[in-house]
2 protein chains.
Amino acid sequence: METRTLTLDSPLTRKLSAFVALSDSDQETLLHFYRRRRRFQPGHELIHEGQTKASAYILAEGWACSYKLLSDGERQIVDFQIPGDFLGLRSILFRTSDHGIEAITRIEASEVLRSDILDAFAHAPRLATAVLWAASRDEAMVVEHLVNLGRRSAEERMAHFLLELGARLQLVGLGDRTGFDCPLTQYHLADALGLSAVHVNRVLRHMRENGLVTFRNGRVAFDDFARLGDIAGFDMAYLDQEGPRLR
Amino acid sequence: METRTLTLDSPLTRKLSAFVALSDSDQETLLHFYRRRRRFQPGHELIHEGQTKASAYILAEGWACSYKLLSDGERQIVDFQIPGDFLGLRSILFRTSDHGIEAITRIEASEVLRSDILDAFAHAPRLATAVLWAASRDEAMVVEHLVNLGRRSAEERMAHFLLELGARLQLVGLGDRTGFDCPLTQYHLADALGLSAVHVNRVLRHMRENGLVTFRNGRVAFDDFARLGDIAGFDMAYLDQEGPRLR
DNA sequence: CGGTGTGTTGAGTAGACTCAATATGCGTGG
DNA sequence: CCACGCATATTGAGTCTACTCAACACACCG
């Protein structure tokens, strides 16, 4: 029954395989993405907004975030990236990057050149479909984030955000129902949730005092998972990943 | 110099050609997408949130919007679709649709089945790359919308939204520097911008009285394009479409 | 000619913001 | 080992943006 001879257990291979059945040759092509392993310090800007010729990366270790800057100096964090995530895809598909990407912790990542991607698509066409699928799942997360900003109160946003992050981390084995380790500052939360840092602090205090969730010393602890889900209206359907759909 | 014998001038062909040079055979495959022409009344729900087995559509005429509903009955409009736009791609890539799509005006659209897409990707692999490219451009718009909701004031949001819509309509010949015809109600604007309908009304009045823009009787008139762009911090780089990039 | 959808305006409220001061923790250099 | 600086977290006070509720205007349509 087992037709695969290769069992490449990289996070990316696993992620893409969730959408499209990849042949051995497809998987071998993917290997090329892991040739250029890099290491970056916290705060390092991997991709600069407006940069031309940018690379993409596959995150192996640590946290990063993608963001856009506004003319008045404020910033909006679009998404956080955790181990296994692809990062900066749009910045290689387009001439100039429409967003910046910054390391939050010390990170390890494989640099993927524009030519790596395009060659891969040319030699292993199914990869293009697989990447489209993965990119669409990322887009679904951005859309949910957008709903969060547009129609939810500060506390609902926070609840939703922490639950989504928790769910994503669980998928890669970095958290469980009780909580997860989290290197983000309240400024990161503010920039992601469209709030002021001061208000983030107040909201966190309120939620802690109400026995919902405790964010302290780099750890998020879910004190009442069920009630948190109620407040957030958290569905999780959009994070859905199921077995290979295309043979 | 001209290697193409086919000149299929559909909006979608033009859009995809902006990213990837399509062969005659690719373009012929695309033709299959136009077999099932449909017509829908205003308010018709083309895709229901949570629907399984949904189709996608290519919009030929009229306006539509994609949205998500919240448990309390509110809705957040994620994007508006205008002629030439692809609509509901994520709803066929995933088992269940994470968003709804509704006709705003009477519309004409070609229904694209899941199998149409997947067959096309199998027979004309470059199409998968082209669609990935187009989907990424759409994602860039969603990201800019997200920034709008997270970090801009009501007036800035409105300015940015109207300018973006104007720019997109210009690309398909449905508007110019002076303005464009717009079938949206103030409720649509409210649901898109994360504001209450009452506040949308006030903001529009304020902008009209300040000689910025006039939205009346189904027409948006830019009274001071430059100042509007200043207020919005409108860049337009993310809408960028240039000649074929991949041969 | 009344009903329904849309737009308009006023009055009062509340959630989130800004400014400002004060902790707390950590790394570096003396 | 202590002192200092810097980043982050916390709390208070006052303000403002955008919201809710409510009333009314206008147009289109059956």
Self-check item: Note, His160(B) side chain near Leu163(B) side chain (heavy atom, < 4.5 Å)
Solution: no

Self-check item: Start and end of the DNA chain C segment that chain B contacts, any atom under 4.0 Å from a heavy atom
Solution: dT6(C) to dA11(C)

Exercise. Could you tell me which non-hydrogen atom of Ile47(B) sits nearest to which non-hydrogen atom of Ser55(B), and how far apart they are?
Key: CD1-O, 3.4 Å

Quiz item: Measuring from Arg208(A):CZ to Phe215(A):CZ, what's the distance to the nearest 0.5 Å?
Solution: 11.0 Å

Exercise. Given salt bridge (Lys or Arg N to Asp or Glu O under 4.0 Å), test Arg75(B) with Glu49(B) step by step and report yes or no.
Key: CA-CA 12 Å; Arg75(B) 87 170 167 176; Glu49(B) 200 173 333; over 6 Å; no

Self-check item: Test side chain to side chain donor-acceptor pair (under 3.5 Å) applied to Asn210(A) - qualifying residues, sequence neighbours left out
Solution: none

Quiz item: Among pairs that include at least one residue of residues 50-69 of chain B, which meet salt bridge (charged side-chain N to carboxylate O under 4.0 Å, His left out), considering only residues two or more places apart or in two chains?
Solution: Glu144(A)-Lys68(B)

Practice problem: Any salt bridge (charged side-chain N to carboxylate O under 4.0 Å, His left out) involving residues 179-190 of chain A? Give me the pairs, sequence neighbours left out, ordered by first then second residue. | Solution: Asp181(A)-Arg219(A)

Exercise. Go through the structure and list residues passing salt bridge (charged side-chain N to carboxylate O under 4.0 Å, His left out) with Asp176(B), not counting sequence neighbours.
Key: none

Quiz item: How long is the gap from CG on Leu162(A) to CE on Met207(A), to the nearest 0.5 Å?
Solution: 6.5 Å

Self-check item: Presence of salt bridge, Asp191(B) and Arg151(A), under 4.0 angstrom
Solution: yes

Self-check item: Partner of Val203(B) under side-chain contact (heavy atoms from CB on, under 4.5 Å), chosen from His199(B), His206(B), Arg205(B)
Solution: His199(B)

Practice problem: Keeping to residues at least two apart or across chains, list the ring pair (Phe, Tyr, Trp, His ring centres under 6.0 Å) pairs with something in residues 48-78 of chain A. | Solution: Phe40(A)-Tyr57(A)

Quiz prompt | Sugar-phosphate or base contact per nucleotide [nucleotides 17-30 of chain D; S, B, -; heavy atom under 4.0 Å] | solution = -BSBB---------

Quiz item: Got a sec, which residues hit side chain to side chain donor-acceptor pair (under 3.5 Å) with Tyr187(A), two or more places apart in sequence or on another chain?
Solution: none

Practice problem: Could you pull out all residues at least two apart from Asp98(A) that satisfy side chain to side chain donor-acceptor pair (under 3.5 Å)? | Solution: Arg90(A)

Quiz prompt | Residues within residues 181-190 of chain B bordering DNA chain C, heavy-atom distance below 4.0 Å | solution = Thr185(B), Gln186(B)

Exercise. For Leu113(B) and Glu111(B), work out which heavy atoms get closest and say how close.
Key: CD2-OE2, 3.6 Å

Quiz prompt | Residue-level proximity of residues 210-219 of chain A to DNA chain C when a heavy atom falls under 4.0 Å | solution = none

Quiz prompt | Degree of bending, the helix from dC1(C)-dG30(D) to dG30(C)-dC1(D) (end axes from five pairs; round to 10°) | solution = 30°

